[in-house]
Structures are given as C-alpha cells and as structure tokens.
Protein chains: 2
Amino acid sequence: MREVRGGTNLTYGLVETLGQSIVSGEYSSDRKFPTESELSQIYGGSHSITREAVKMLTAKGLLRARPRQGTAVEPESQWNLFDPDVLRWHLERKFSLKLLLHFTEMRLGVEPNAAYLAARNASAEGIAEIRHGLQRMKNAEGGHDDTVSADVAFHVAILKATGNPFYRRLDEMVNTALRISIRFTNMIKGHEADIGAHEAVLDAIVARDPERAFALMQTIIRDVIELIESGIAGKLGIKGAWLSDQEANPAGK
Amino acid sequence: MREVRGGTNLTYGLVETLGQSIVSGEYSSDRKFPTESELSQIYGGSHSITREAVKMLTAKGLLRARPRQGTAVEPESQWNLFDPDVLRWHLERKFSLKLLLHFTEMRLGVEPNAAYLAARNASAEGIAEIRHGLQRMKNAEGGHDDTVSADVAFHVAILKATGNPFYRRLDEMVNTALRISIRFTNMIKGHEADIGAHEAVLDAIVARDPERAFALMQTIIRDVIELIESGIAGKLGIKGAWLSDQEANPAGK
DNA sequence: CCGCGCCTATTTATACTATAATTCGAGACA
DNA sequence: TGTCTCGAATTATAGTATAAATAGGCGCGG
C-alpha cells in the first residue's frame, strides 16, 4: 500500500482536489476545463503550483495541456487506470454496478493466478501474512476488526506472496475494488465474504497446490461476478440509477 | 496505444531522458540522484522545467523530493509499474529472463481471461480487429509484416474486445512484454509464435465459447512460461548474466 | 557519555514577473 | 471556396526572490 502524500503541500493538495473532481466526473472530457490562470484563481496557489499540479495529472493521463487550447480532461480511455491515485479517486465516484463489474472482471483475471503463483512461490513470511489476513477476517466476523480492511489484507497478502512485482503493484486495484464491492454487498444483505472459501485458498497455498489455489480463488470471484450480473439484470431490486458508470451515460448528467 | 509525447518540449524531453535513465538503472534508489539545481545544469532548461519534470516522475512513482534531502529515486516497489511510460522505459533496461518471467506471469493472469471476456463481449468490429491481427501474423511469417507488431496487434485486439477498460488499458503491458519476449525467442531460435494456436483462440472467440478461449490462451502463455523457466534453469544455454533483473542483484553492479 | 534542544545550512516549495512559443480563429484576397 | 496572414489565447520557459521543511552538528546539562 502506497503512502499517500496528498494535502501536505499546495501542489499535492491541488493534485488531490483536481484528481478527485476529474475521476468523480465533476470535470470531464466533454466539458470545458479551467485554464491554468483560472485554476490559480479558483483554487489559490501561484502559477507555478498550478502548472506543477497540472503536470502531475498529465503524467497520470487525466489531463492534457496545449498552447491556446488550454487544459482539458482526457477521455477515460487515456487515464492510467492502474495508477494508485487514480484508483483511489474512483472511490469518490458514484457507485455503479457496471464499474464494479469491470473491477471484478479484472480481479478475476488477476487473483486466481496470484493464488497459483503464491502456491508456487510464497515464502514462510508470505504465508504468515495471508494467515494473518484470514485471522483478521475471522475477527471481523465477531466485530473485532473491519470487514473490508481484513478482506483487503488477505487478498493483498496473496498478491505479495506471488513474488512478482506486477502482481504486488495491483494491491491498490484490489483495495479499491473491494471497497466498492462492499457498498454493493451492503445494499443487498446476506452476502458476506465466505470465510471458509478463503481459508480453503490459504490451505491450497500452504499445501503448494497451485491448480487448486487457482480454482478456489476463481470460484470466489466468479461468484461475486454472478451476483453483480444478477444486480445488473435487475434480479436484486437494485435501482437503475446505479447500473451504469458515469461516462457510459453522459447524457444523463 | 497511447500517443507518446516525449521530446516535443523541454519538460517532456527531460521526463523521457530521466525516466529512461531511472528504469534502465543508471540512477537507482541506493545511489545519489542530482538535486534540482544540478539537474538544471546537467540537462539544461530552467528551474521551472526541472521542477515540472521531477513532479511528473514523482506522479509515476519513480522519484520523491523532500526539502533538504533533495530528490531521490524511489525503490522499484513504489514505481507505478502499469504506467504506459514506465512500461515503455522497461525496453531500455538490460534484458533479463527474470523480468521476462514476471511480465509473462502477468500475461498469464490477464490474457486467458481477456479471451474469455472477448468470447462473451466482443462486437463484430472487435472480432474483425482480432482477425486482422491474425492476418498480420500470417503475413509476418512470409516476411510481409513485422512479427512482433503483428503479435501485439492480435493480443491487444483481444484486450480491446473484452469491453472492459482495465483490460484495454493493459495494452502497453502486453506490448512491452512481447517486445522483451522477442529478444528471448530470437536468442534461442525455433520458437516462433504458433499461428495455429492463435487462430484457435480467435475461433473460440468467434464461436462465443469463453471457456475454450480461456484454455487455449492459457496454454499459449503457459508454454512461453515453461520456455522461460527452462532458460532460467540453464537448459537453453543462456548466459547467467541474463538471468536476473537489475534490482535483484545490486551487488553485481 | 548520552540525550535533548537550538541553530545553521541545504534543498525543495512557493511566489512573482516577464518573454517566447504554439496554435486557433477570423478576415482578407484570389 | 480555399489559402494565407495576422492577432489573440493559452501554455511553455526563463529568471529572481523568499519561505518552508528538515537534516546535521554543536553545546549544554544530567
């Protein structure tokens, strides 16, 4: 998990404020974005601060700046979606089943294979961390820990146990996905994380059985996907306003 | 594929130069990095340019800047590894089987599932693009196209056909992985992309058979992984200097 | 001798002013 | 209607200056 440096100085504060406003849809690629000069007026800070903050957001793919055209929000297809800050700002976005589905489809690609690699590569420390995550999940069931933090800890420990830097770097993606997911499961009750299924994954990892770890994790996540797809199909009484993501329906604004 | 904006102005030029130098290991987290003032002297450009470039690299997780400490390269664990520029700069890094393995393990997580999702979600245009990629691969076999570009086109078309923005955004990761991979396969001859196996994936997608598409793509990539692991185990006559990645062996510097 | 507090120096952070460069849009001319 | 030129809009770059953060060294007291 990356140390967040927002808010400690003016530049980072502006990056945070603008980043959230962009990812949450307040500014978008089909609407006018303030010029640098306007940004300085609206948010305070000097021209230098504004330029530096705009450059940081440009580096993350959120903004583009051109002489005479000014500064604009890039289409979402240009955003660096795996950037830890961009991921985190997604938590400011209005809940949407479509977005949750996309996140969970990504988890479906990543996490079974992470479990597979963890079963092959995990060190003793790695396994201890997964075990700790599971224990936290059990504690959370009794109200002694935070459910989503515990779930995140378990899954992130598996990513780390892969020994692969790319998987490790997906920790923020999983964190964000799970925090969005909890909003969904809170809506529909009766769908808590299945601790037994998670424990089975840990057992397969400990047993150094990659294929089994893969299959078990795949099942966990496919179940979530089915649930989400049920929601999208209207089978769970979820309101239509939560079906689509903000860019998919710009006319709805 | 993202439009690359390096070199068109001083700030972007400096970002490109420093980014390459960092990712290729010329600057690293255990060695002194120039102060802003030194950067201005070494690379030219004013203080503003230097600050803006440093901020951009900070936004990508490559650098950190603190009063009095100066500017330093972050440990690789902090780098935004899925950042398109960071990925591209990996091509400047010395070849390493370990790094290729990491990339390919990531592909193993992503691409079978991309094929699965493409089989479920691909539009007619999406399928046409995959088909075009395959045709390019066939053309490349006869010397009428570039092998790696064609391979990239096929795989990226599948990512796009998923309809999922996260998968779509992994195009640079796959591109980089394949460009590194070609260096390996060029070393050991006799291991070109298996066009038939790729065609079978397309057929499964066209047939809307997700599980089959998944399995076929998984096989393609597992085969590459086995080959890489053979190389790592010394079974292919690959020299030891190419086994490890640059950060894994700082003492070897 | 060790720990704590204070001061100084180092480097980034911020502000400001000014000019240069890019590029879009409008108007004029052929 | 198309092309070219010019002016304006906005970013890009340069430079100067001060403020803020903070590391390190030194001195003093226990």
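Note that the structure is predicted; figures quoted are calculated from it, not measured.
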Per [X] side chain, nearest of listed nucleotides [options]:
X     : options                : value
B:E36 : D:dT13, D:dG24, C:dT12 : C:dT12
A:R68 : C:dA13, C:dG25, C:dT10 : C:dG25
A:A65 : D:dA12, C:dA13, D:dA8  : D:dA12
B:E52 : D:dT11, C:dT14, D:dT13 : D:dT13
B:T35 : C:dA15, C:dT11, D:dA9  : C:dT11
B:R51 : D:dT13, C:dA9, C:dA13  : C:dA13

In whole angstrom, what separates [X]'s [atom1] from [N]'s [atom2]?
X     : N      : atom1 : atom2 : answer
B:M56 : D:dA12 : CE    : P     : 10 Å
A:L39 : D:dT10 : CG    : C1'   : 12 Å
B:F33 : C:dT11 : CZ    : C1'   : 14 Å
B:N9  : C:dA20 : CG    : P     : 18 Å
B:E38 : C:dT11 : CD    : P     : 7 Å
B:K55 : C:dT14 : NZ    : C1'   : 10 Å
A:L10 : D:dA21 : CG    : P     : 10 Å
B:R66 : D:dA19 : CZ    : P     : 23 Å

Next on the checklist: Evaluate A:R88 against A:E16 for salt bridge (Lys or Arg N to Asp or Glu O under 4.0 Å), listing each step before the verdict.
Outcome noted: CA-CA 10 Å; A:R88 182 165 46 83; A:E16 195 66 29; 2.5 Å; yes
Checklist entry - Toward the 5' end of DNA chain C, which comes first, A:T11 or B:Q69, by nearest nucleotide? => result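 Upstream on the strand: B:Q69.
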Checklist entry - Under 30°, 30 to 60°, or over 60°: which ring-plane class applies to B:H90 and B:F103, parallel, tilted or perpendicular? => result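 Ring orientation, 0 to 90° scale: perpendicular.
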Next on the checklist: Do the side chains of B:R51 and B:E36 get close enough for a salt bridge, i.e. N-O under 4.0 angstrom?
Outcome noted: yes
Checklist outcome for this item: So salt bridge (charged side-chain N to carboxylate O under 4.0 Å, His left out) across residues 146-164 of chain B, not counting sequence neighbours, yields B:E129-B:K160
Next on the checklist: Heavy atoms within less than 4.0 Å of DNA chain D: which residues of residues 41-49 of chain B have one? Give them sorted by number.
Outcome noted: B:G45, B:S46, B:S48, B:I49
Checklist entry - For the side-chain contact (heavy atoms from CB on, under 4.5 Å) test, which of A:L10, A:T71, A:L39 pairs with A:T50? => result A:L39
Checklist entry - Any donor and acceptor pair, going by atom type alone, linking the side chain of A:R31 with main-chain N or O of A:E26 inside 3.5 Å? => result yes
Next on the checklist: Main chain of B:Q78, side chain of A:R169: is a donor-acceptor contact present, judged purely on distance under 3.5 Å?
Outcome noted: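 Between the backbone of B:Q78 and the side chain of A:R169 there is a qualifying donor-acceptor contact (under 3.5 Å).
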Checklist entry - Is A:T71 near enough to D:dT10 that one of its side-chain N or O atoms lies under 4.0 angstrom from OP1 or OP2? => result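 No.
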